[in-house]
Structure formats: C-alpha cells, structure tokens
Trainee: 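Encoded as structure tokens, here's the structure I'll be asking about.
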Amino acid sequence: MVLIKEQIKKIDKSIVEEVVEDELLERFKSCYQCGTCTGGCPSGRRAAIRTRDVIRQALVGLDDDLLSSDLLWLCSTCYTCYERCPRDVPTTDIIIKLRNIASHRGLMKGPHLAVSKMLIETGHGVPINDEKWSNLRKSLKLTPLPPTVHSFPEAVKEVQTIIKELKFDELIAYGEEVKKKLAEEEKKRAPERIEELEAELKQLKEEAGK
Amino acid sequence: MTESSDITRDYDLYLGCVAPNRYPMIEASTVQVFKKLGINLHDMKGASCCPAPGVFRSFDIPTWRAIASRNITIAEQDRRDIAVMCNGCFGTLLEANHLMNSHPDQRTETNAILEKVGRQFEGTVKVRHIIDILYNDVGPKAISDMVIQPLRGVKAAVHYGCHLLKPSETRPWGKDENPTFFDDIVEASGAESIDYKDKFMCCGAGGGVRAAIKDVSMDFTREKLSNMKDAGVDIIVDCCPFCHLQFDLGQVEVKAMFGEEYRFPVIYISQLLGLAMGISPYDLGLIATKDKPPGTPPFIPTEPFVKKVVEGM
Amino acid sequence: MVETKDKIGAVEAPGWKPYILGIFCNWCSYAGADGAGTARMQRPAVLRIIRVMCSGRVEPEFVFRGLKNGADGVLVSTCHPGDCHYVTGNYKTFRKAPLISKFLEQMGINPKRFRLTNVSASEGAELTEIIEDFVEELHEIGPSPFKNKKE
Amino acid sequence: MVNSDEEPRIGVYICDCGVNIAGVLDNDELREYAATLPNVVKSERYKFMCSEIGQKLIQEDIENGEINRVVVAACSPRMHENTFRKATREAGLNEFLFEQANIREHDSWVHMRQQDDAQSIAQDIVRMAVAKASKLEPLEVMKVEVKPSALVIGAGIAGINVAKDLGDQGFDVTLVEKTPTIGGHMAQLDKTFPTMDCSACIITPEMVEVGNHPNINILNYAEVTKVDGFVGNFKVEITKKPHYVDQEACTGCGGCSDVCPVITGNEFDEGMKERKAIYLPFPQAVPNKFTIDMDHCIKCELCKDECEPDAINFDDKPKKIEKEFGTIIVTTGYKAFDPSDYTPYGFGRFPNVITGLQMERELSSFGPTVGKPVRPSDGKAPHSIAFFQCVGSRSFQPGMNNYCSRVCCMYAMKQARQYKEKHPEAEIYILYMDIRAFGKGYEEFYEIAAREYGINFIRGRAAEVFENPENNNIIIRAEDTLLKRPIELEVDMVVLSVGLEAQEDATVISRLLNVSQTADGFFMEAHPKLRPIDTLSDGIFVAGVAQGPKDIPDTVAQAKGAASGAASLMAQGEVEIEPYFSVINNALCSSCLSCVDLCPYTAISYDKLANLVTINKALCKGCGTCTAACPCNAITQNHFKVSQIMAMIDTAIPTR
Ligand SMILES: Cc1cc2nc3c(=O)[nH]c(=O)nc-3n(C[C@H](O)[C@H](O)[C@H](O)COP(=O)(O)OP(=O)(O)OC[C@H]3O[C@@H](n4cnc5c(N)ncnc54)[C@H](O)[C@@H]3O)c2cc1C
Ligand SMILES: Cc1cc2nc3c(=O)[nH]c(=O)nc-3n(C[C@H](O)[C@H](O)[C@H](O)COP(=O)(O)OP(=O)(O)OC[C@H]3O[C@@H](n4cnc5c(N)ncnc54)[C@H](O)[C@@H]3O)c2cc1C
Ligand code: SF4
Ligand code: SF4
Ligand code: SF4
Ligand code: SF4
Ligand code: SF4
Ligand code: SF4
Ligand code: SF4
Ligand code: SF4
C-alpha cells in the first residue's frame, strides 16, 4: 500500500534554475498549462508522455520522479508542440535540456549508452561494423568506405579529442556505472519488498479475522 | 534543362551515418541526380556523425555542438556550402550553425574546444537540405523539364519528416503547417502525391525513441502506414535516410510486433527523380544487383515499383 | 525591498558605470521611460533624462555641451517616424542627427557617444534594451575624455 | 504674485511615495543633499507629497514667503505636475515656478537592486531640477474657446451612446460611420450575456433615436480624412463615400434590390448569407437607405429602371464636408480575429468550422438561418458542437494577440446555452484554459451553463482538428489537462471563439488625430486608471473596444464617461492650454525665414511689407522646433528656454 503522505512533495525550484541557465529556455516559466503541446503530441497518443505535465513537473521541481522515468525518452523530438505553443515555450528544447540533466545524473537508457560508445569509438553513431555494409556500397559502385571518418583515422582522433575535452566519455562511463548500480539495487530490493508485502497481507488477514 | 546561372553549383555533400553506412543507394542516387542537374557534390573528407539532434544533443549539448561545429569547419575550409540528405543531419548542422552564429558566448565556448583539434568555426557557410536546393534553386519546373520517363499513375505518400520543417524559425520555408513544396518536387516526376491523414506526423524514429523504446516508435510507423493504406498509395517517398530506414525496415518490424503487413516500396526522393530522369534503376539501387549482400536493405523490394513505372509507359 | 546590489543582465560595469544624459520628447519617449518605470523594468543605473516637449527642440549644442561636461553618452529619443505628437518634429531631429555625428567626429569625439533612438510610449522594454546596448557600446569606447575635467 | 526679479528661494520636497521611492532611496540623505544646492532654502521629506498634507507643506512655505520656487522630487510630472501646479497657484505663486524631479519612474522603480547608484542618480535628478527651477519664469496660462460641437467617429453601441448623451445635453453632434449603417457589432448579435436580452431589441430603438435626434447629424458611409487645429477648435474634413443612390430620394422600398442580378456575400451576416450589389446591410439599418457596392455592380441599370423616385445616380461622387468641432470622441470599435491563417484549426478548409460571430448570425432570428443554427456542409442542425476558446487571443503565435479578449468566454457560454435551449438533446463542449467570467452576474451565468444546461467544460486548448471525410464531422485532438489524458473528440461542428482586435485602419486614425496606440494596436488612454477615457491629446476621448477589448456594459459605461468628459469641456466654453509657445525677438531676427517652413502648424508668418516674422500664439503648439533651428537665437520657447535647458545640462554631471 502506498500512503498518500509519501506522495506529498515539496516544491523545489532548483531544476527550474538549471533549465533556464540557458537563457533561450527562460520562456518556459510562462507556460499556462493549456495542453496544446500534449494534444498534438504523436507520442502522447500512444504512450505515457504528457508534454504539458513534463513542463509542469519541471516547473515545480518534482525532478526525481521525472528524471528517472521513461517519460523524457518518449519524445521523438518532432517539434509539433514547439511550433504550436501559444506561450512560445520551447517545449522540445526543454525536454532535451531535461534529458541533459538526467544524463548528467547517470540516468541514460542502455541503448543510448551503446550508441554513444559507437560514436566515441568510430566517430559514427551508426558505423560500418560488418563487411556486408561495405559490400552493399560496392554493389552500388561506391567506395567500400565512405569519405567520412571511416576513411580518415586522424579525423576519428579529432572527434575523440573533442569528446575527451568535454568529458563526454566520462559521462557515458558514469552512466553505465549508474545503470549497473540501479539494476543491482533493484535486484536487492525486490525480495525485501516481497517480504514487506507478505507481512502486510498477513496483518490484513489477521485484522479481517477479528 | 533551363539553366539558371545564379545558383550555387558546388556543395560539400554531408553524408551522415545512415545514408553511407546502411542505405548507400541514397548516397549513390543523390550524387547522380545532382550531377544531371549540373550541381557538383564534393566529398566532405573526415566528416563524422552530425551528431544526431534527438540523441546526442539530448545527452550533452556542448558535445553535440562541438562535434557539429567541427563538421561545419570542414566545409568552411573547402569554402563550400553544405548539402545535406538527411533531416536529422539538417537539424543538427543548421541549428548548430545558427547557434554558433547568433550566440557569441556559445561560439567562444565551442571554439575553445575546436582549438584543441586545430579548428575554428568562422560562420562562413550555409547548411542546405537537398530539398531546399531542389525546390528553391532548381525548381519543380526545371526538374519536370528533365523528366524523360514520367512516373504517371504512381500514387505517392509523401513523408516530409519533422526536422525538415521544424523548428520553423530557422527553416527556409517559414511557419506553415501544410506546406506543399516537397509534393511539388515529387509531382514534378509525374507521380501523384496523395493526401493522407496525419501526413505531417513524425515517423517515430527520432529523439532516440527507436533505439530505446522500440514498441512506441514502431506504433508511430504503424499508424502512418495504416493511414497511407487508407488513402490507397503505392509507394512512400521521403527525404531522410532515418525515416527511410524506419519505413523500410519498419514494415518488417511492424509485422513482427503487431502482425500487420504492409508492402510499400520506400523511395528516397533522388531515387524517384533519378528514375524519372532516366537513370538506370540499378544505379539508383531500385533493382538489386546480384552483388547485393543478403541481409541488407531494401527490406521491402522496390522492384515492383520500377516494374509498374516501366509497364505504365 | 531587495537589499543586495545585483548584477543587471550582461551589463555589469567593470570598474565604471557610464554616465548617460537623455533628452526625451514628452509624448513618446518620456512616456515610454515612465512606462518602463511603471512596469519595473530594471536597467543599468546610468540614465538621467531631460524632458522637452518635442525632440524638434533639441539643439546640437545640447549634445555638445552634455559631452563636453563629461557625459559618456548622450541619448536623444523621439517618437517613431510618423508618430510625432507635433506631426514632423522628429523628422527634423532625424535630419540633424548626422550633422551632429559629423561634427563630433571633426571635434575628435567618438560619434558613437551620441545616439538617436525612437521609443514609443508603450516601449519601456525597448528603452531598457537600448540602454543596455548603449552601455555595452560605451564600455567598448571607454570613459569620456572630458570626465572630471570640468571644474 | 512673486516678482521674477527676486533671488530664487527654492523649496525642495522629497516624496517617499510609501515605499515606492523610500524603499530604494535614502530620502533623508537626499533631503540633506538638496539643502546644499544653490538657492535652496528649504528641503523637506514627506510620505505622500500628492496628499493634502503634502501639498499643504508646500503651500505654507509659499504663503510664509519662505520660498518662491518649488521643486518636488517624486513621481513623473506626467502623473502629478498638474496637482502640484494647482497647489502652487492656490498658494499664490505662479504655477510655472514649479518643477518636478522624477525619481520614481526614472529611478527608484528601475534601479531597485542598485541602491547606491540609484541614490546618486536621484541626486543628479534633483540637482538638475533645482538648476532649472532657478531659471524658471512666471507664465500666464492661455485660454481658448471650446466650440459646443462634438465629432463622434464610429457608430457602434459606444458611438451611439456618446452621441445620444451629448445630443441630449444640447451639443451639436456629428456621428461619422464608415459603413452604410450605424449599429456596429452589437447589431449583429442575437442575445447578450449575462441577461440574455435581445440585442436588437436594445440597440435598434437606440439607433432610431439617434437617427431622429435633432442635435445629431449622422454621416454614414463616411470617413474622417483630415484633422487640423487643437482642443476646442478642431477643423475636420469628412469624406462621404458615394452611395450611387440619392439618400434623400430613396424610400427604402427595396424594389431595386429585388431586380439586381448580382449576388455576393453579406458582410453583416459574416458571409453566411447573400446580398445584392444594391443593398441594405440588414432590414433595421439606420439610415434605411440603399447603397450600391460598386466593387460588384455590373452597371446593368436594372435597378435604375425599377426605382420609382429615380434615386439611382451612377455619377455619384465622394463629397468632402468640412466642419469645426470642440471635441472629438473615437469609438471605432474592433475587428473580430480572422482565423484563416491558423491552419491547425482548419477554418476555411473545413466547412463545419465557423467563427463565433458567424454563430451569432446563425442564432439571430433575422440571420441567415433564421435563428436555427445548421452546419454549413449539409444544412442540418448539429447534434454536437465544440467551442474553442482563446482563438487569436492569449497567444504569442505570429499574427495572434497576447491579451485576453474578455468577451469570448462569455459569448461561447451564451451561444452554447442558446443552442441548448433550442436543442436540449445536443452535446456541447467548451475547450478552455481559464473561464474568465468576472462581470456582475457572469460567474452565476457560468455556473448555470454547467449545472442547468449540462454544457461540458473541458480544460485544455484544442491542438488540431481533422475532418472525417465521410460525414464532414470534425475530429478534435486536445488534452484534457485535468485528467492528464489526450482526447479525440468527434463533433458535428466547431465554433472558434475568436477574439477582438484593433481595427485595421486604427493606425490611420491614430495619425490623423495624433492619438497613440498601445502595443496591441488599441488606442492609448491618458492614464490606465485615472484617465481611462482621455487621450494624451487634449479634447480627444476614446470609448468602447477602440480603447481595448470589453463587453457591452463596460463599453456603454465608458461611452457615458467619454460623453461626460467632452461635455464638461464644452460646457465650460473655454479651456486652458499650457503657454509653452515660442516667441520671436524681432531685434535679433534676420528674417532668414528658416523657421517658417519648419513649423508643422504654419504658426509662423512673414509680413513682407513690415519685414516681420511673427508666431501666432493660438496656432503654436509649443514643440520648439523653430527655437532649435533659428540661427540667430531669436526665438525662445516658454518654459524650455536655452538658459533653462542649459542649466540642467550644466549641472547634470556631478563635480565630485
Ligand atoms: C461573437 C461575439 C459575441 C458577443 N456577444 C456579446 C454579448 O452577448 N454581450 C456583450 O456585452 N458583449 C458581447 N460582445 C462584445 C460586443 O460586441 C462589444 O462589446 C461591443 O460591440 C463594442 O461596441 P463598440 O461600439 O465599442 O464597437 P463596434 O461595435 O465595433 O462599433 C464600432 C463602429 O465604428 C465603425 N468604424 C470603425 N472604424 C471607423 C472609422 N475609421 N471611421 C468611421 N467609423 C468607423 C464601425 O463600422 C462600427 O460601426 C460580443 C462580441 C463578439 C465578437
Ligand atoms: C486587496 C485589494 C487590492 C486591490 N488592488 C487593486 C489594484 O491593484 N488595481 C485596481 O485597479 N484595483 C484594485 N482593487 C480594487 C479597488 O480597490 C476598487 O476597484 C476601488 O477601490 C473602488 O473604488 P470605489 O470608489 O468604488 O469604492 P471604495 O474605495 O470602497 O470607496 C467607497 C467610499 O464610500 C464610503 N461610504 C460607504 N458607504 C457610505 C455611506 N453610506 N455614506 C457615505 N459614505 C460611504 C466609504 O467609506 C469609502 O470611502 C483592490 C481591491 C482589494 C480588496
Ligand atoms: S503548449 Fe505551451 S503553454 Fe501550453 S501547456 Fe504546453 S508548454 Fe505550456
Ligand atoms: S516534440 Fe516530443 S513532446 Fe513535442 S509533440 Fe513531438 S514527440 Fe511530443
Ligand atoms: S506625489 Fe507621486 S511619488 Fe509622491 S506619493 Fe504621490 S504618486 Fe507617489
Ligand atoms: S433606391 Fe429606389 S428602389 Fe431602391 S430602395 Fe431606394 S427608392 Fe426603393
Ligand atoms: S446596376 Fe448594379 S446595382 Fe443596379 S441592378 Fe445592375 S448590378 Fe445591381
Ligand atoms: S475571454 Fe476567455 S476565450 Fe476570450 S481570450 Fe479571454 S480567456 Fe480566452
Ligand atoms: S529662423 Fe530665426 S532669424 Fe530666421 S526668420 Fe525665424 S526667427 Fe527670424
Ligand atoms: S514652437 Fe515653433 S515650430 Fe513649434 S508649433 Fe510653435 S511656432 Fe511652430
């Protein structure tokens, strides 16, 4: 049983400050919760994201719930909401900023960590990692490797230097660590929770028996 | 072709990741079509991932901006504007270019990083989607003048994709929720653009959704496919390799996940125009050669489309 | 009431705050400045405003004397073209402005120290921006060469 | 009266304005500082200088002979200059020996977090004011006659009320209306909230009354094309557009219209009904005379043959009418927002999306559907209707307005209730963000709409609509923000509650009359609270939606206020104007004539015989342009003399 009391949260403006560090995002404080964003959101029509609610949660600082949930990652960055917001709130950019904040807390999704590692290793998010792709290129009379980083090892180095300078590699490594830790905790917590539930059930039964 | 002399005829072709590494027919057909139009696309040597606007920008904006700016500096050294084939790459390079040009603080910050690899962002080049070049420089009229095999009777579902149009303040078409410029280019080939419900809806691939939350991503695609089916189209035409992948491979995935079967050939705009201009369908990757390795795209065969066109003649 | 002195936007003066003398027309610009006040639009504390009924009243001599007295900048502000309360007074000022700049240049004073702007009665926000921008520019130019020369 | 030769003895009075000034500035320090300035003999500080006690402080010092110049450091002179001038005058000192230092709007309010700098700016401002005060000279106010005639521009419910009130008081009123009929938007409405009385039943008798009023001259189908002069004596040119029908001869029989072969959309019915090229906008139009719309007429002359009194005149020409007026009242109303460009709502693309004003016409018993609303696609009564609120209002989207239009929540509920009365089984949805029902009886109206009428309120702004191709129904996408759920709602018809915006030609009127517009395009009042119907141009008033969105009760209240403002000016018969005019010292004048062409009011004339350049005080408006331009320094502008302005410039920079 979840006690209502656990849901009562204090309003915390710190995340608002973090978002509006980028002055371009400041307008988000003027959101009047009209729901135009959610109403046209193709993701919200099939999944749990409510764009307006994401903005709202960020505005009142319910960051823990928001940042660790899937919600932020359900946005396809289609910018439909962004175009229509009557208050000129840069909705999609806010979601992207919130994802940055989540990422810096180590809350990235597994596949995203994987694709980031590709970028770090090869300079491509989607690299040629199998001979069949080169062969496909050849079948179209193209060079086996495109004239991108794939053909210029020193260019890969450049990309890697930039990544190191900005500590993006550390961010990814940190994300993986957090991911592992969370999984372990989950595993550890699960039996406890079951015990708890059983105890609750027992107590309820006893009460009912009285 | 009516030569308009005042347009830019040399571009650096920015490839991105998906086009060269998964759907090289997009790269091959674009180069050929542009050559026919008298526009030279040059290699942009050592370009990396753009990096993707919905993914890497979501993780760390400074990294995203720096890598994007590095790509732009390559074109700056070549002194050529950038032509882009992908909506995502367009979004990243255009936005990054815009931010770097209009926000001196961000420029200073990023240039300090670029300095470590011996580069500086100068703000001297434009970033243009090939659709922008095709529509605004070449023009549908000039394109249709070059058509020798009109794709008459072909009913196309045109998919614009999101980042081609939005955010509109930096896009060349301005704010318009019902644009027709892409349809005009498609129709220049002789094909008919069919209106379908939620035409401007996202394909579901972007924003890292495809990678992380596959079922939601595929449900977008399924809805679009179903709307296209209701409208009675023959093919899907797009202008983005990632949308292309989402529709092509996506039809296989939609079948696996939802049990719904669609078999729309997915055609990239330059494949469509190339065919109409008489370029060999083999060269455009519309008909698989015997060298095509197994397990590579297209996953929905495009031969039936070519057949229909040729028979329709 | 806020006790601490705070930075205002991007224009925290490093070391010195420019001194700007404003000559504003009564109907648009002065009203605009009042509007900025009513809306509590915070701006750098640099501006003192002299009110004239119309910018047409502004004599080049006012600008020269202001700068000579040590003002770092003089801002003359009028209604927008076509909006002058006296129909065309501001046009006459627009015509005078290039002459003033030219004269300043000949005198060896940076003509950027003199600015002519249009601020309507509803444009408190624009005024605030103009001031911020002027301050930024004056920071680039540096303090008035006449500063403290006046006895 | 004080002798201006006397040495200046200045009293400086620093106002706290509660915490508005004293919360930022150290007013004790400022008072001490002021006392050190040249010629200052008295320096005081008080909580509210504009209060009676504050004014008394000044008056006592004047009466005691302690001071002969007054400086009040307080708010903007645009706020209280008149207050303090009056106090100065009443105490026996010439009121132009007063100077106000603005340390509130220009200092304490805009430098709230920079107290040290604000303090030194306050010192500068006070020092400059004191310097000017030392140089001030006494002036006599000028009095000009105010003609007892008023020009009312725009004949909606606002203009009609102004005209009626002024006419009743015996003033000569000219009511100019752009369209062929008076009545404005209210004539288009069916019923009016919150009382639900019939709009036509209220306005048509008023229209007729104005039409027959002995003191009111209606100039319909006319526009103001030129305005000269000043308060009391405006010279106005009005251009009456050609009706191509002799308005005296026409009997309003309508025979012409019956035979006219040209059919076009009727503006009055928002294009929902047709009219002929020769037309009356609506049956109750005042004046009840026909007009030919030459944009559509094909000159077949069938009407001419039909017209018994031979009223048709294809050679009709625009007529210019010139007249002088003591006061002008602007009541040009509004234009409803046009949603055609907002593609997500499909207006213009989907027939079953209409505007609130179109719905209003449909609900009207003399409208296109005789009071039984139908959907345009098939002429059937809709079973379900959704109203979209805030269309064009409260939005930063390009082409939309930032403000709340104040009437659309109420009219949507009104229309919903009216439809429900006719079709109790109908399903009505109102998609809103906030319901703004703030007038007397409005909240009750809202409550009844929900409880008694069962109207469904959905809190969420519509995001986009589609048409169901099978039945032309409209499918709406929105979020029910209270349920946190996206919804899809299929309805038979959508009504867009469009907002009100400034008339397209408001800028033209603004320029003609020299009346400013606020950023939203409506005319600017002299003060939002204290002078909401005056403009900054003396003798010109504004009322109704022309000043900002409002409903009929507020419009009428404002119209009555404007009428009373104009009446009191005209009743006095004369008005004081500030003596800021310029004067030529002919001893210095070289007759270069530079000034003559510069004066926008042609107040300067040159007498060739006498070789004398002179300024007509009554025409001079005191801009000072000539003063600034005279190469011989022969011209001085009262109250803005070179010596006075230079005194400020020379003391502007602190000599610390
Ligand atoms: C759909 C709808 C329903 C409404 N329902 C209600 C309701 O139920 N109750 C309520 O209280 N309010 C209602 N309102 C608001 C109401 O319409 C206004 O409050 C009222 O009509 C304002 O009157 P007005 O005289 O200021 O302006 P208008 O009615 O706009 O009159 C202005 C007049 O000036 C004329 N004009 C304009 N420019 C010029 C010019 N340059 N020269 C000469 N003449 C000119 C115009 O032709 C017009 O005749 C509703 C509004 C709408 C849009
Ligand atoms: C907390 C608060 C904040 C507000 N803030 C704002 C704001 O920021 N902006 C704004 O526009 N409005 C504001 N208002 C509203 C504003 O106060 C009123 O609109 C305004 O004061 C109304 O003025 P009034 O003259 O009608 O009434 P009142 O101010 O109430 O004056 C009525 C006078 O009549 C006297 N009186 C009463 N009965 C009799 C009698 N029988 N005989 C003789 N005299 C009598 C009373 O003593 C009083 O002096 C605010 C209101 C409140 C409550
Ligand atoms: S559309 Fe804009 S204002 Fe409306 S809820 Fe979304 S973010 Fe807020
Ligand atoms: S950008 Fe994201 S939140 Fe906005 S509509 Fe698209 S998917 Fe939804
Ligand atoms: S005089 Fe002006 S500043 Fe002083 S109390 Fe009155 S309003 Fe406030
Ligand atoms: S113009 Fe002639 S026919 Fe027409 S209404 Fe007037 S009198 Fe009748
Ligand atoms: S002349 Fe014009 S107004 Fe008269 S009947 Fe013919 S079309 Fe109609
Ligand atoms: S009155 Fe209601 S519908 Fe109209 S703008 Fe205001 S809130 Fe929106
Ligand atoms: S400008 Fe001066 S000198 Fe020339 S005519 Fe006018 S008053 Fe005389
Ligand atoms: S001050 Fe001079 S220019 Fe201005 S109105 Fe008077 S006479 Fe004309």
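Below, chains carry the letters A, B, ... as their sequence lines are ordered, and counting in each starts from 1. Values below: every heavy atom of this structure, side chains too, minus hydrogens, waters and symmetry copies.
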Trainee: Which bit of A:Leu74 is near chain B, if near means a heavy-atom gap under 4.5 Å: side chain, backbone, both or neither?
Mentor: both
Trainee: Between B:Ala288, B:Pro24, B:Pro62, B:Ser58, which residue shows the highest count of heavy-atom pairs closer than 4.5 Å to chain A?
Mentor: B:Ser58
Trainee: Does any backbone or side-chain atom of A:Leu24 lie under 4.5 Å from a heavy atom of chain B? Answer side chain, backbone, both or neither.
Mentor: side chain
Trainee: Taking the side chain as every heavy atom from C-beta outward, state whether A:Arg45 and B:Met201 have any pair of such atoms under 4.5 Å apart.
Mentor: yes
Trainee: I'd like to check A:His112 versus B:Phe59 (side-chain heavy atoms, cut-off strictly below 4.5 Å). Are they in contact?
Mentor: yes
Trainee: Non-hydrogen atoms of chain B under 4.5 Å away: do they reach the side chain of A:Leu136, the backbone, both or neither?
Mentor: both
Trainee: State whether the side chain of A:Asn100 and the backbone N or O of B:Arg57 hold a donor-acceptor pair below 3.5 Å, judged by distance alone.
Mentor: yes
Trainee: Can you list the steps and then say if B:Met25 with A:Arg137 is a side-chain contact (heavy atoms from CB on, under 4.5 Å)?
Mentor: CA-CA 8 Å; B:Met25 49 289 269; A:Arg137 287 184 62 83; over 6 Å; no
Trainee: So do the side chains of B:Phe56 and A:Val115 get within less than 4.5 Å of each other, counting heavy atoms only?
Mentor: yes
Trainee: Under the 3.5 angstrom rule, does the side chain of B:Lys166 hit a backbone N or O of A:Cys81 as a donor-acceptor pair?
Mentor: no
Trainee: Given a strict heavy-atom distance threshold of 4.5 Å, which part of A:Lys132 is in contact with chain B: side chain, backbone, both, or neither?
Mentor: both
Trainee: Does the pair A:Glu158 and B:Lys116 meet the rule for a salt bridge (Lys or Arg N to Asp or Glu O under 4.0 Å), with working shown?
Mentor: CA-CA 8 Å; A:Glu158 280 186 27; B:Lys116 312 274 177 189; over 6 Å; no
Trainee: Measure the shortest side-chain to side-chain distance between B:Val209 and A:Trp73 over non-hydrogen atoms and say whether it is less than 4.5 angstrom.
Mentor: no
Trainee: If you count heavy-atom pairs under 4.5 Å between each of B:Ile74, B:Leu15, B:Asp105 and chain A, which one has the most?
Mentor: B:Leu15
Trainee: For the side chain of B:Asn21 and the backbone of A:Val126, is there at least one donor-acceptor N/O pair under 3.5 Å apart?
Mentor: yes
Trainee: Identify which of B:Cys162, B:Pro53, B:Pro293, B:Gly204 forms the greatest number of heavy-atom pairs closer than 4.5 Å to chain A.
Mentor: B:Pro293
Trainee: Could you tell me which portion of A:Thr80 (side chain, backbone, both or neither) has an atom closer than 4.5 angstrom to a non-hydrogen atom of chain B?
Mentor: both
Trainee: Compare every heavy atom of B:Arg70 with every heavy atom of A:Ile162, then report the nearest pair and how far apart it is.
Mentor: CD1-CD, 3.8 Å
Trainee: Below 4.5 Å, heavy atoms only, C-beta onward: do B:Val31 and A:Leu142 meet side chain to side chain?
Mentor: no
Trainee: Do A:Arg84 and B:Glu177 make a side-chain contact, defined as non-hydrogen atoms from C-beta onward lying under 4.5 Å apart?
Mentor: yes
Trainee: Name the member of B:Gln106, B:Arg119, B:Lys292, B:Met44 that forms the most heavy-atom pairs with chain A at distances under 4.5 Å.
Mentor: B:Arg119
Trainee: Would you mind telling me which of A:Lys138, A:Lys167, A:Met108, A:Lys97 has the largest number of heavy-atom pairs within less than 4.5 Å of chain B?
Mentor: A:Met108
Trainee: Below 4.5 Å, heavy atoms only, C-beta onward: do A:Glu83 and B:Ser168 meet side chain to side chain?
Mentor: yes
Trainee: Is A:His150 reaching over with its side chain to a backbone N or O of B:Ser48, donor-acceptor style, under 3.5 angstrom?
Mentor: no
Trainee: Identify which of B:Ile213, B:Asp43, B:Asp60 forms the greatest number of heavy-atom pairs closer than 4.5 Å to chain A.
Mentor: B:Asp60
Trainee: Out of B:Val18, B:Ile61, B:Ile67, B:Asp291, return the one with the most heavy atom pairs under 4.5 angstrom to chain A.
Mentor: B:Ile61
Trainee: Side-chain contact, heavy-atom cut-off 4.5 Å: B:Val55 with A:Thr77?
Mentor: no
Trainee: Heavy-atom distances under 4.5 Å only: say whether A:Ser134 touches chain B with side chain, backbone, both or neither.
Mentor: neither
Trainee: Are the side chain of A:Arg46 and the backbone N or O of B:Asp219 linked by a donor-acceptor pair below 3.5 Å?
Mentor: yes
Trainee: Counting only non-hydrogen atoms closer than 4.5 Å, does A:Tyr79 touch chain B with its backbone (N, CA, C, O), its side chain (CB onward), both, or neither?
Mentor: both
